[in-house]
Amino acid sequence: MNIQNPAAILQMMNLWSRFQKNHPKFPKFLAAVVKNGIKEGSIIEIRVTTAEGESFDSNLKVNGEDMEMIEQIRKMALDR
């Protein structure tokens, strides 16, 4: 997605709005994470289970170099 394209940004905002309506707990979860913060040393885990039951898991330990990106995401989320 070209973030300099206003039409693409509008489309993404519409998709996010629909996603929020379909999954109301997930944005609340993200808001809690943003509010309480991710700190260096935090572990982020994710699991995706396909409709067929196959699971994909991953995790990462947040390091100091990751914090700049996390802070930018936090600022963007709080500026809304």
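This is a predicted model, so every value here is computed, not measured. Just so it is clear, the values below take in all heavy atoms, side chains as well, and ignore hydrogens, waters and symmetry mates.
Note that the CG atom of L15 and the CD atom of Q20 stand 11.5 Å from one another [nearest 0.5 Å]. The distance from atom CD1 of I43 to atom CD of E45, rounded to the nearest 0.5 Å, is 6.5 Å. Summarising the geometry, atom CG belonging to D66 is positioned 8.5 Å from atom CD belonging to E40; distances are rounded to the nearest 0.5 Å. Distance check, rounded to the nearest 0.5 Å: CH2 of W16 to CE of M12 gives 8.0 Å.
Taking the six-membered ring for Trp and thresholds of 30 and 60 degrees, F19 and H23 have ring planes inclined between 30 and 60 degrees apart.
Looking at every heavy atom in both residues, A7 comes nearest to N5 through N-OD1, 2.9 Å. Here the closest heavy-atom approach between residue S55 and residue R47 is recorded as OG-CD, 4.3 Å. When all heavy atoms of K39 and M67 are compared, the closest pair comes out as C-SD, 3.9 Å.
Not a single side-chain hydrogen bond (donor to acceptor under 3.5 Å, both in side chains) links N22 to another residue, sequence neighbours left out. Under the side-chain contact (heavy atoms from CB on, under 4.5 Å) criterion, S58 pairs with I46, not counting sequence neighbours.
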Check step by step if side-chain contact (heavy atoms from CB on, under 4.5 Å) holds for V62 and I44. CA-CA 7 Å; V62 177; I44 299 172; 3.8 Å; yes
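Remark: the backbone N or O of Q11 is not paired with any side-chain donor or acceptor of N14 at under 3.5 angstrom. Of the possible donor and acceptor atoms, none in the side chain of T49 sits under 3.5 Å from a partner among the backbone N and O of G53.
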